[in-house]
S.K.: 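Dropping the structure in here first, questions after.
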Amino acid sequence: MPSILGFLITGIIIGPFGFNLIKAEDIEIISEIGVILLLFVIGMELSLKQLASIKNTVFIGGSLQVGLTILISGFAYYFLGNAIEEAVFVGFLFSLSSTAIVLKILQDRNEMKTAHGRNALAILIFQDIIVVPMMLITPILAGASDNIAMSVLSLVVKSVIVVIITIVSARYVVPKLMYAVAKTNSKELFLLTTIAICFAVAFLTSEAGLSLALGAFLAGLIISESEYSHQSTSIILPFRELFTSIFFISIGMLLDLTFFLNNVGVVLLLVVIVFSIKTFVISIAVAVLKYPPRTILLTALSLFQVGEFAFILSKVGVQYNLLSEETNQYFLAVSIVSMILTPFVIMFSHTIADRFLKTKLGKKIDKTLVNQEQNETIIDNEISNHLIIIGFGINGTNLEKAARYANIPHVVIEMNPSIVKKGKADGVPILFGDASEPHILDTVNLSKARSVVIAISDKEATKTVIRNIRATSQTVHILVRTRYVREISELVALGADDVIPEEFETSIEIFSRVMHTFLVPESQIENLVDFVRADNYEVFQMKKKVPKTFAPTSIPDFNITCVRVTSDSSKINGRTLKEANIRAEYGVSVLAVSHGDKIIDDIHPDQKIYQNDLLFIQGSQENIEQFRKFVN
């Protein structure tokens with residue numbers, strides 16, 4: 001089970017409504033630091049370029065999600081006989097999702113780079129931005145302020161200034177600062193500088209009326225533009241884990257157990273209603289952006305809960321009498337229960353989405369959402385004996401270039417609309433769609449294809465794709481790229497012919513190159529690589545004895561390298577090999593000479609050597625180094 005669940009339960013047990021061991025206010029500041037560091041690390045793992053690539057989802061998807069949630073939930077609350085001002089405020093509360101929980105779980109599941117992971121991040125960023133105007137509008141709703149125009153104008157001006165400072169710092173200031181700090185070789189100074197940048201920008205945004213968490217996210221973006229972002233991330237991670245753990249505990253401490261147990265039926269009914277409304281609204285918001293049905297559902301199932309910023313907003317609502325104490329307790333109970341359910345819903349989201357799409361309603365929605373116009377002009381319906389590439393990331397892009405170079409008929413399936421649009425502009429035979437849907441596979445003539453390469457980062461989607469391919473064709477060759485060796489056996493059992501794990505291919509490349517440096521014969525290296533791959537990579541996982549195909553009594557000190565003659569000394573320049581007596585004097589053999597544009601590999605004792613010639617030599621490392629000094 002996810003550790004977040006343990007933290008929430010811990011908070012319930014030790015909180016003021018449990019055994020009352022710790023007061024909530026005692027850890028409020030520490031928990032807020034946790035949210036700041038979480039958003040800081042997420043910002044460091046992104047970049048301004050990556051953030052720009054999801055701007056449509058941030059502003060279009062985010063505004064639709066927040067606006068429709070406020071409209072529907074506010075109308076429902078108004079329908080129950082409450083004032084319009086209170087209804088709008090309740091809509092504010094339920095429109096916000098949990099940035100800390102969702103991003104933490106998606107990171108732990110390695111799903112941040114998937115389509116639904118990017119969508120969830122984009123919508124959460126918009127929510128974190130919009131919570132500030134909500135807090136400004138709350139006094140207006142309560143009739144406590146009428147100077148909204150000046151407040152909004154001031155906020156816009158401050159926001160523009162913060163954005164400008166962020167861009168300038170990311171491009172010009174911070175990279176130079178981090179370089180200067182890195183040159184000191186002081187780990188302590190590097191750590192302090194990283195944390196100082198985080199809290200300085202967070203403080204700046206807080207002073208501008210924006211949230212601390214948003215400032216931390218911007219600080220992470222600033223550092224991500226420098227080459228020191230990876231080291232900064234590794235330094236901050238332990239602190240982030242500590243403080244975010246305390247944050248989740250503080251959330252659990254808010255739940256009034258007595259109130260929850262006395263009203264458990266109503267609370268659970270409200271949780272179901274909130275789940276239904278938010279899932280429906282988020283599905284609409286993502287569908288407008290033309291993502292496939294499976295991505296739509298996975299995004300919606302990730303963001304159904306009520307978030308931590310809603311707790312901050314609810315305090316303002318209670319202060320201005322827009323929430324009664326009883327309504328606030330219902331809100332807190334619903335929010336925390338939805339947070340507790342979030343890890344489980346995300347854990348089973350792939351299964352839920354797949355099963356829904358197999359129902360009659362799911363199939364009908366699927367057909368409605370698929371944009372056939374995008375795919376009509378680019379795909380040849382008569383294509384056969386071809387290659388299907390699923391996923392157009394780095395691996396998919398390089399494979400498509402190789403297929404084009406070799407004149408192999410091919411087609412690409414990708415479900416990121418912006419990537420599809422760019423691919424079409426470059427002349428790539430690419431279609432928009434979710435390859436886990438059978439009719440998308442039919443569109444690319446799967447039954448007539450020779451090979452399918454699955455190069456996507458979503459493990460669950462990969463498994464679904466393999467199942468659907470095998471349901472249509474038992475003969476097409478399936479090659480799958482995955483991240484870990486432990487996933488091989490399951491993917492092969494589902495029907496994959498070849499599985500290439502990234503972590504293991506890296507290890508193969510490493511041991512191959514090491515063996516080359518020790519002059520293990522090429523044929524023996526190839527035999528070992530073939531043995532490992534044929535055995536499904538198990539040779540390094542199990543205590544299996546590798547056959548000794550090459551076992552020299554000692555490693556020969558035998559090297560081949562190339563040196564340039566830069567010296568104009570009469571001892572070497574213009575002399576023959578025999579006159580220079582290179583082998584006797586320095587213990588190296590000249591194998592070939594590159595003179596001008598000509599390479600001479602038929603070497604004789606009377607071969608002359610001139611300045612700027614390249615000499616290909618063989619010998620021990622020590623002798624080669626002595627000869628290099630001589631010719632230089």
S.K.: Mark yes or no for whether Gln127, through its side chain, and Ser95, through its backbone, hold a donor-acceptor pair below 3.5 Å.
M.R.: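 Between the backbone of Ser95 and the side chain of Gln127 there is a qualifying donor-acceptor contact (under 3.5 Å).
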S.K.: Which atoms form the tightest heavy-atom contact between Ala115 and Thr295, and what is the distance?
M.R.: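 It is CB-CG2, 3.7 Å.
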S.K.: Please say whether more than 12 non-hydrogen atoms of neighbouring residues, nucleotides or ligands are located less than 6.0 Å from CZ in Phe280.
M.R.: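 12 or below, so no.
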S.K.: Distance check, rounded to the nearest 0.5 Å: Met339 atom CE versus Leu255 atom CG?
M.R.: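 That separation rounds to 11.5 Å.
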S.K.: Apply side-chain contact (heavy atoms from CB on, under 4.5 Å) to residues Met134 and Ile70 and explain how you reach the verdict.
M.R.: CA-CA 11 Å; Met134 286 179 179; Ile70 293 173; 4.0 Å; yes
S.K.: Can you list everything that forms a ring pair (Phe, Tyr, Trp, His ring centres under 6.0 Å) with Phe259? Sequence neighbours excluded, please.
M.R.: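 Expected list: Tyr330.
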S.K.: Do Thr327 and Ser324 have a side chain donor and acceptor closer than 3.5 Å?
M.R.: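 Distance-only check passes for Thr327 and Ser324.
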S.K.: What verdict does the salt bridge (charged side-chain N to carboxylate O under 4.0 Å, His left out) test give for Lys358 and Asp354, after you've listed the backbone C-alpha separation in whole Å, the side-chain angles of each residue and the deciding distance to 0.1 Å?
M.R.: CA-CA 7 Å; Lys358 289 178 181 177; Asp354 291 339; over 6 Å; no
S.K.: Can you tell if the side chain of Phe260 reaches within under 4.5 Å of the side chain of Val337, non-hydrogen atoms only?
M.R.: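 Yes, close enough: below the 4.5 Å cut-off.
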S.K.: Does Phe275 have any ring pair (Phe, Tyr, Trp, His ring centres under 6.0 Å) partners at least two apart in sequence or in another chain, and if so, which?
M.R.: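 With neighbours one apart ignored, the set is Phe304.
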S.K.: Answer yes or no: is there a donor N or O on one side and an acceptor on the other, between the side chain of Ser302 and the main chain of Leu298, under 3.5 Å?
M.R.: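 Yes, Ser302 side chain to Leu298 backbone: donor-acceptor pair under 3.5 Å.
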S.K.: Determine whether the side chains of Arg294 and His116 contain a donor N or O and an acceptor N or O closer than 3.5 Å.
M.R.: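 No, no side-chain donor-acceptor pair sits under 3.5 Å.
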S.K.: Thr279 side chain to Ser276 main-chain N or O, any donor-acceptor pair under 3.5 Å?
M.R.: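 No; zero donor-acceptor contacts below 3.5 Å.
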S.K.: What is the minimum heavy-atom distance between Ser97 and Leu124, and which atoms define it?
M.R.: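 Taking every non-hydrogen atom into account, CB-CD2, 3.9 Å.
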S.K.: Tell me, do Ile352 and Leu297 make a side-chain contact under 4.5 Å, heavy atoms counted?
M.R.: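 SC-SC contact between Ile352 and Leu297 ruled out.
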S.K.: Are Lys315 and Gln319 side-chain neighbours, meaning at least one heavy-atom pair lies under 4.5 Å?
M.R.: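 No, every pair of side-chain atoms sits at 4.5 Å or beyond.
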S.K.: Where do Leu431 and Val420 come nearest, in terms of heavy atoms and distance?
M.R.: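 Taking every non-hydrogen atom into account, O-CG2, 4.2 Å.
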S.K.: Can a side-chain donor-acceptor contact be found between Lys278 and Thr69 if the only test is distance below 3.5 angstrom?
M.R.: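 Note: Thr69 and Lys278 side chains miss the donor-acceptor criterion.
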S.K.: Applying side-chain contact (heavy atoms from CB on, under 4.5 Å) to Val465 and Ile390, what does each step give before you reach the verdict?
M.R.: CA-CA 9 Å; Val465 171; Ile390 299 173; 3.7 Å; yes
S.K.: Taking the side chain from Ser335 and the backbone from Phe331, do they hold a donor-acceptor pair closer than 3.5 Å?
M.R.: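 Yes; judged by distance alone, with no hydrogens or angles, the pair exists.
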S.K.: Do Thr299 and Tyr291 make a side-chain contact, defined as non-hydrogen atoms from C-beta onward lying under 4.5 Å apart?
M.R.: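 Not in contact.
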S.K.: Are any of the side-chain heavy atoms of Ile130 and Phe92 separated by less than 4.5 Å?
M.R.: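 When only atoms from C-beta onward are counted, Phe92 and Ile130 do not touch, as no gap falls below 4.5 Å.
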S.K.: With heavy-atom distances below 4.5 Å as the criterion, would you say the side chains of Ile246 and Phe7 are in contact?
M.R.: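 The answer is no, as the side chains (C-beta and beyond) never meet within the 4.5 Å cut-off.
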S.K.: Quick one: pull up CD1 in Ile161 and CG in Leu204 and give me the separation to the nearest 0.5 Å.
M.R.: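 The CD1 atom of Ile161 sits 9.0 Å away from the CG atom of Leu204.
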S.K.: Between Ala285 and Leu64, which heavy-atom pair has the shortest distance, and what is it?
M.R.: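 Ala285 and Leu64 have their closest heavy atoms at CB-CB, 3.9 Å.
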S.K.: Please determine which of Leu491, Thr482, Ile466 meets the side-chain contact (heavy atoms from CB on, under 4.5 Å) test together with Ile454.
M.R.: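 Option passing the side-chain contact (heavy atoms from CB on, under 4.5 Å) with Ile454: Ile466.
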S.K.: Only one of Ile430, Leu399, Ile456 passes side-chain contact (heavy atoms from CB on, under 4.5 Å) with Phe392; say which it is.
M.R.: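 In the set Ile430, Leu399, Ile456, the residue that makes a side-chain contact (heavy atoms from CB on, under 4.5 Å) with Phe392 is Ile430.
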S.K.: Would you indicate whether Leu80, at its atom CG, is surrounded by more than 12 heavy atoms from other residues, nucleotides or ligands within a distance under 6.0 Å?
M.R.: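 More than 12 within 6.0 Å, yes.
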S.K.: Just wondering, do Leu322 and Thr138 contact through their side chains at under 4.5 Å, heavy atoms?
M.R.: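 In contact.
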S.K.: Which heavy atom of Ile389 sits nearest to which heavy atom of Gly396, and what is that distance?
M.R.: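 Nearest pair, atom of Ile389 first, then Gly396: CG2-CA, 3.9 Å.
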S.K.: State the CG-CD1 distance between Leu441 and Ile413, to the nearest 0.5 angstrom.
M.R.: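 Interatomic distance, Leu441 CG to Ile413 CD1, rounded to 0.5 Å: 5.5 Å.
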S.K.: Supply the atom-to-atom distance Ile388 CD1 to Ile440 CD1, rounded to the nearest 0.5 angstrom.
M.R.: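 Ile388 atom CD1 to Ile440 atom CD1 measures 11.5 Å (nearest 0.5 Å).
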S.K.: So, the side chain of Asn328 versus the backbone of Leu323: is there a donor-acceptor pair under 3.5 Å, distance only?
M.R.: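 No, the answer is negative, given that no donor and acceptor are paired below the 3.5 Å cut-off.
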S.K.: How long is the straight-line distance from CG of Leu341 back to CD1 of Ile101, given to the nearest 0.5 Å?
M.R.: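 Going from the CD1 atom of Ile101 to the CG atom of Leu341 covers 10.5 Å.
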S.K.: Do you know the tightest heavy-atom contact between Ile105 and Pro343?
M.R.: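 Shortest heavy-atom separation between Ile105 and Pro343 comes out as CD1-CA, 3.6 Å.
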S.K.: Calculate, to the nearest 0.5 Å, the distance between atoms CG and OG1 belonging to Asn119 and Thr57 respectively.
M.R.: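 The distance works out to 5.0 Å.
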S.K.: Only one of Leu268, Val264, Leu270 clears side-chain contact (heavy atoms from CB on, under 4.5 Å) with Val266; which?
M.R.: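 So the option named by the test is Leu270.
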S.K.: Do Thr359 side-chain atoms and Arg355 backbone N/O form a donor-acceptor pair below 3.5 Å?
M.R.: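 No, because the side chain of Thr359 does not come within donor-acceptor range (under 3.5 Å) of the backbone of Arg355.
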S.K.: When you measure from the side chain of Asp458 to the backbone of Glu460, do you find a donor-acceptor pair of N or O atoms at a distance under 3.5 Å?
M.R.: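 Confirmed, Asp458 side chain pairs with Glu460 backbone.
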S.K.: Please determine whether side-chain contact (heavy atoms from CB on, under 4.5 Å) holds for the pair Leu446 and Ile469, giving the CA-CA distance in whole Å, both sets of side-chain angles, and the decisive distance to 0.1 Å.
M.R.: CA-CA 8 Å; Leu446 172 66; Ile469 290 173; 4.1 Å; yes
S.K.: Any side-chain heavy atom of Met253 sitting closer than 4.5 Å to one from Ile12?
M.R.: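 No, their side chains stay 4.5 Å or more apart.
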S.K.: Ignoring hydrogens and angles, state whether a donor on the side chain of Ser98 or Gln305 is under 3.5 Å from an acceptor on the partner side chain.
M.R.: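 Note: Ser98 and Gln305 side chains miss the donor-acceptor criterion.
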S.K.: Apply side-chain contact (heavy atoms from CB on, under 4.5 Å) to Phe40 and Ile223, showing your working.
M.R.: CA-CA 9 Å; Phe40 182 52; Ile223 292 182; 3.5 Å; yes
